[in-house]
J.: 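Please see the structure below; I have some questions.
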Amino acid sequence: MKKKLFLLHGWIGRQLGLLFFIICFSGTISTVSHELDWLIQSDYRATPQSTYISRNVISNNFAKTYPKAKITYWIRHDEPYLCDLLYKEENEKLSFVFANPYTGEIQGETSLTAQLYLRDLHYYLFIPFQIGNYIVLLFGFLILVSVVSALYFYKSWWKKFFVLDVKNGGNKFSRSSHRFVGLWAIPFIFLIVIINSWYFIERTNIAGIKPLVNPKHIKLDILNYQNKKKSLFPFNIDYDKAVKIAEKAIPHFKVKNISPAIDSTETIYVMGNSNVPLVRQRANRVYINPYNYKIEHIQNAAKSSTIMWINDIADPLHFGYWGGITTKIIWFILGLIISILILSGIYISLKRKHRSKQKSRIEKIFLNVSNTLVICCVFYFMLKRLHTRYEATVLAHFVVFISWALLFALWYYVLVYSIRKTRS
């Protein structure tokens, strides 16, 4: 049984390691994706000040700059060094506008952000029809299989937390460091596996969970407002008034994100933070009637059910933003460790195969074909989405291409060139 588990552990690494690495590494970079956007796009940067400017000023400046467009979503980040991100829709095209929350200035516009790109890559590999999402969730369970199988065939692993062989050559050091890092990463891996299991339960609607944790958007009975002007949508919303009303509805509530009413039946939907720790912004929701600014529904995180609470802490714990920049950096380092763990595991397995000359012609062909198919599939849907959904610029295409080229250069150096060099 130990031998079979050892072979299974190595097979997962060799045959699925490339996709494993892409999923884990993209998730790792996603933890600091907002900071990456701050670094890449100067228009996204804001100098923190003591007070925010009126949201109505930002809305008016947006209307002056884009008279034929409408705001479909408004994000105010927890990071004080970032501009507000306004989803702009014009002629059925979506783009993202940077609005300084302290001055009200419209600082720029983009069709793609690093955060959006990395989120989609990590979430579903750009593969549509929910197939990509289920593939990613499946790999969450395969990580568990890899860890459990390793613990089963690794003798007395609980005694090896401080054992690192640095004196008996490179081969033993690489294996020893792989085990050493793997043991210390176990708690974080199990946390990710648990959250992945919740995502799977929610996605597949096991026990009818999905509608319980994803309440429907509140709709208005438009017949009650027949005398109102319905041709001027989106509404000329008084955002300051809506925010003030919402913040009085929930104790310690600070509004962050806003979904404006974009047709005659929708409410203004605001989200934000309260004094409830760990939960995401969507845990606190207030739905406001845009005709009379009356509250239609309140969701208070402090009064949420246990199932809703679990659902609302999943994202902050998965991406590490629950404690601000400090936990983001910690999660980034832990994610990087797991990515290196995957890479080193593939390296050890391939090196062992090369040394023992056990790799058959069929396995070589399968290994090459499987990895080639994965890359071709991801790249095809990625390029399609860049063109149709994001309408990315030539510069954005270039940055994406260079990033992937560097990643594959690293992959080739570690898993092909270095092994060949060592063997020769």
J.: Looking only at atom types and distance, does a side-chain atom of E90 sit under 3.5 Å from a main-chain N or O of Y66, one as donor and one as acceptor?
T.: no
J.: Just wondering, do D240 and D238 contact through their side chains at under 4.5 Å, heavy atoms?
T.: yes
J.: Minimum heavy-atom separation for K294 and N292, please, with both atom names.
T.: N-OD1, 3.0 Å
J.: Taking atom types as modelled, is there a side-chain donor on Y287 or Q299 under 3.5 Å from an acceptor on the other?
T.: no
J.: Does atom CZ of F141 have more than 12 heavy-atom neighbours, drawn from other residues, nucleotides or ligands, at distances under 6.0 Å?
T.: yes
J.: If you apply the rule ring-ring contact (aromatic ring centres under 6.0 Å, His included), what do you find for F126 with Y117, and how did you get there?
T.: CA-CA 9 Å; F126 300 110; Y117 176 85; 5.2 Å; yes
J.: Would R45 and F98 count as a cation-pi pair here, with the cationic atom under 6.0 angstrom from the ring centre and within 45° of the axis?
T.: no
J.: Check this for me: Y380, atom OH, are more than 12 non-hydrogen atoms of other residues, nucleotides or ligands nearer than 6.0 Å?
T.: no
J.: With a 4.0 Å cut-off, would you call E79 and K328 a salt bridge?
T.: yes
J.: Measure across F200 and L137 and return the closest heavy-atom pair with its distance rounded to 0.1 Å.
T.: CA-CD1, 3.9 Å
J.: Are W184 and F161, when compared by the centres of their aromatic rings, separated by less than 6.0 Å?
T.: yes
J.: Do L151 and I186 come close enough that some side-chain heavy atom pair is under 4.5 Å?
T.: yes
J.: Are D315 and R280 ion-paired here, with the side-chain N under 4.0 Å from a carboxylate O?
T.: yes
J.: Are more than 12 heavy atoms, taken from residues, nucleotides or ligands other than K219, located less than 6.0 Å from that residue's NZ atom?
T.: yes
J.: Between N257 (side chain only) and G272 (backbone N and O only), is there a donor and an acceptor less than 3.5 Å apart?
T.: no
J.: Pair I135, L125 - check side-chain contact (heavy atoms from CB on, under 4.5 Å), show working.
T.: CA-CA 9 Å; I135 291 174; L125 299 170; 4.1 Å; yes
J.: Identify the heavy atoms of S339 and T28 that sit nearest to each other, and give their distance.
T.: OG-OG1, 3.6 Å
J.: Which residue in the set T110, L112, T113 passes side-chain contact (heavy atoms from CB on, under 4.5 Å) when paired with Y390?
T.: L112
J.: Taking C-beta and beyond as the side chain, do I22 and W404 meet within less than 4.5 Å on heavy atoms?
T.: yes
J.: Let me know which of Y239, Y269, F62 forms a ring pair (Phe, Tyr, Trp, His ring centres under 6.0 Å) with W74.
T.: Y239
J.: Can a donor-acceptor pair be found between the side chains of H178 and S344 at a distance below 3.5 Å?
T.: yes
J.: Assess whether atom NE2 of H387 is packed by more than 12 heavy atoms of other residues, nucleotides or ligands within 6.0 Å.
T.: no
J.: Does some side-chain heavy atom of K256 sit less than 4.5 Å from a side-chain heavy atom of D78?
T.: yes
J.: Going by heavy atoms in the side chains, are P277 and W322 under 4.5 Å from each other?
T.: no
J.: I'd like to know whether the aromatic ring centres of F381 and Y124 sit less than 6.0 Å apart in this structure.
T.: no
J.: May I have the step-by-step check of ring-ring contact (aromatic ring centres under 6.0 Å, His included) for Y87 and Y73, ending in yes or no?
T.: CA-CA 5 Å; Y87 285 46; Y73 198 62; 5.5 Å; yes
J.: Looking only at atom types and distance, does a side-chain atom of N214 sit under 3.5 Å from a main-chain N or O of K210, one as donor and one as acceptor?
T.: yes
J.: So which atom in Q115 and which in D37 form the shortest heavy-atom distance, rounded to 0.1 Å?
T.: N-OD2, 3.0 Å
J.: Can you see which heavy atom on E266 is nearest to which on P260, and at what distance?
T.: OE1-O, 4.1 Å
J.: Between S111 and E391, do the side chains contain an N or O donor and an N or O acceptor separated by less than 3.5 Å?
T.: no
J.: For this output row, return yes or no: ring centroids of F162 and F180 closer than 6.0 angstrom.
T.: no
J.: Does NZ or CZ of K241 fall inside the cone over Y293's six-membered ring, less than 6.0 Å from its centre and within 45° of the axis?
T.: yes
J.: Taking the side chain from N300 and the backbone from I250, do they hold a donor-acceptor pair closer than 3.5 Å?
T.: no
J.: Is there a ring-ring contact (aromatic ring centres under 6.0 Å, His included) between Y44 and H77 once you walk through the steps?
T.: CA-CA 11 Å; Y44 209 168; H77 300 285; 5.7 Å; yes
J.: Within a radius of less than 6.0 Å around CH2 of W309, do more than 12 heavy atoms belonging to other residues, nucleotides or ligands occur?
T.: no
J.: Of all heavy-atom pairs between I237 and A261, which one has the smallest distance, and what is that distance?
T.: CD1-N, 3.8 Å
J.: Check for a donor-acceptor pair, side chain of W331 on one end and backbone N or O of L317 on the other, with a separation under 3.5 Å.
T.: yes
J.: Relative to F96, does K88 satisfy both conditions: NZ or CZ under 6.0 angstrom from the six-membered ring centre, and within 45 degrees of the ring's axis?
T.: no
J.: A quick test of your reading: do over 12 heavy atoms of other residues, nucleotides or ligands sit less than 6.0 Å from CZ of F379?
T.: yes
J.: Scan E105, Q49, Q107 and name whichever one has a side-chain hydrogen bond (donor to acceptor under 3.5 Å, both in side chains) with N100.
T.: Q107
J.: Given the rule in the salt bridge (charged side-chain N to carboxylate O under 4.0 Å, His left out) test, do R385 and D120 qualify, once you have shown the distances and angles that lead to the verdict?
T.: CA-CA 10 Å; R385 193 160 182 83; D120 288 353; 3.5 Å; yes
J.: Looking only at atom types and distance, does a side-chain atom of S26 sit under 3.5 Å from a main-chain N or O of I23, one as donor and one as acceptor?
T.: yes
J.: Answer yes or no: is there a side-chain heavy-atom contact under 4.5 Å between I29 and L36?
T.: yes
